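So the structure is just underneath, and the comments pick up after that.
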Number of protein chains: 2
Amino acid sequence: MQRDSDAYLAKKQFFNTLLTVYGRKPVLEALQQPGVEVYRLHLAQSNKRGGIIDEILAEAEKRNAEVAYHDRAALSRISKNAKQDQGVAVDLICQKFTTATDYLTRPSSGSCNLLALDGITNPQNLGMIIRSACAGNIDGIILPEKGCAQIDPLVIKASAGTVFRAPILRTTEPLARTLNKFRDSQYSVVGLSSHAKQTLQAYSGERTVFVLGNETDGVSSATQNECNHWLKIPMNNQVESLNVAVTAALIAFR
Amino acid sequence: MQRDSDAYLAKKQFFNTLLTVYGRKPVLEALQQPGVEVYRLHLAQSNKRGGIIDEILAEAEKRNAEVAYHDRAALSRISKNAKQDQGVAVDLICQKFTTATDYLTRPSSGSCNLLALDGITNPQNLGMIIRSACAGNIDGIILPEKGCAQIDPLVIKASAGTVFRAPILRTTEPLARTLNKFRDSQYSVVGLSSHAKQTLQAYSGERTVFVLGNETDGVSSATQNECNHWLKIPMNNQVESLNVAVTAALIAFR
């Protein structure tokens, strides 16, 4: 029994690392990223050989990836985007992808800085946030399945390909519920507000989730209720707010 | 003679503060910005009254702005964009706009941080750079007329309206020539490079122009030749570069 359960857990953890990319050019570009690991390439049987399809197959072969052929309907179920998959999808193994819940069960050591995304709907912003977080000092990006842009070709492009290496912590729950679990695990959940007394620069908490809110409406009230600390970024010239991807970068490189 | 020359200079300096915005919605939104100063509203005689034209006229009136009527051809010469002006343009007075050359003639006091934009062609990035620079600690943004996106409706939107308050230093020369003048005035001209030894965080120069390069190709070689100091931003996870607007923000808030 114990063994079965271990095997089941390992399998589940493996599937949590998978990212499905779809569309001919996005798939080819993903396969060309240095160091990217491929689990399985999916092709619609209707794809004509030649051109970009052959290039995709050659890249998959280089990486000893399994190739699976499907009818159009089955392929759409895999890509979850029949309109844009162009008969091609690939499952990539992103070692640093996990779920927020699994992340909390890991033994943690010392300082830990996370971002939590609350209603970041613009793919450009999501990609930029991932790029800066990956380059800077962020240990995880909590990305809810609902209310945020998801990792699609636009996001991959805006991330300059860094998404495959980024520590993305996916969650299917409402963000507020996930944040509550982090608070239970002794994390500070930090919101940004121009009314806060302490500045981001002066802050030195060890285990922190920084919440980033929607581009227009800011942090939702359910999420605000989970914030137990507030910080401000002082601004000149009566500027009221920064672009959310810029805020993420200031956190990642503070 | 001295008087004439003073009057001429004052007039020239005044014209350097003008920013022409065109297009019905962009003009209305610009007029609605708090604190914006209007010099002159230009309308094509062919505009039908009512709707947004009336709203624009009402906003102009509130600000005691002159209204000038033109034929379509004359209006296009003012907007410099016949395709997108929709028969409407407005000259705004942006107090902090000047030319790079005029900026150098001003008496300077203590620390001074400037950005110089070299081939920033993406309006979204230009707008974000202006927004971050305006909110952070940047005293001027050197914006060449050639090779960079110019301040158009997309840039104004991406700047979240901050462009009207931003210290934009326009230059009609090639950027390298302008940078050379700043070097002559005891500014350090700083480029960013992953090969540099010193980090941006450790840098404490007093009078500095930070050069930001094109989104794909980086800083041009002519501009590189004018850089007399190089800094790096250390990055994790083998990320090679940051978005240029993110880099601008890290400079503005360091």
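Naming convention: chains lettered A, B, ... in sequence-line order (proteins, then strands); numbering from 1 in each chain. What you are looking at is a predicted structure, and each value in this text was computed from that prediction instead of being measured. Worth knowing before you read on, the calculation uses all heavy atoms, side chains too, and leaves out hydrogens, waters and symmetry mates.
Looking at Q124(A), there are no atoms closer than 4.5 Å to chain B (heavy atoms on both sides), in backbone or side chain. The part of T162(A) that comes within reach of chain B is its side chain, from C-beta onward, which places non-hydrogen atoms under 4.5 angstrom from that chain. Proximity to chain B (any heavy atom under 4.5 Å) is shown, for T247(A), by neither the backbone nor the side chain. Heavy atoms closer than 4.5 Å to chain B are found in the backbone of P234(A), but not in its side chain. Heavy-atom distances place the side chain of I233(A), and not its backbone, under 4.5 Å from chain B.
If you tally non-hydrogen atom pairs under 4.5 Å between each of C134(A), A160(A), A249(A) and chain B, the highest count goes to C134(A). Ranking R254(B), M128(B), E240(B) against chain A, the residue ahead of the rest is M128(B), based on heavy-atom pairs under 4.5 Å. For the options G136(B), S132(B), S241(B), heavy-atom pairs under 4.5 Å to chain A are most numerous at S241(B). Highest contact tally toward chain A, considering only N237(B), N236(B), V239(B), is held by N236(B) [criterion: heavy-atom pairs under 4.5 Å]. Between chain A and the options M235(B), Q201(B), R131(B), the largest number of non-hydrogen pairs under 4.5 Å is found for R131(B).
Classified by interplanar angle (parallel below 30°, tilted 30° to 60°, perpendicular above 60°), the ring pair Y203(B)/F210(B) is perpendicular.
Judged by distance alone, the side chains of Q13(B) and N16(B) never bring a donor and an acceptor atom under 3.5 Å apart. There is no side-chain donor-acceptor pair under 3.5 Å between T208(B) and S188(B). Looking only at atom types and distance, the side chain of Q150(A) has no donor-acceptor partner in the side chain of E145(A) under 3.5 Å away.
A distance of 8.0 Å separates CD1 of I129(B) from CG of N243(B), quoted to the nearest 0.5 Å.
For Y39(A) and F14(A), the ring centers are positioned less than 6.0 Å apart.
The number of heavy-atom neighbours closer than 6.0 Å to CD of Q198(A), taken from other residues, nucleotides and ligands shown, is above 12.
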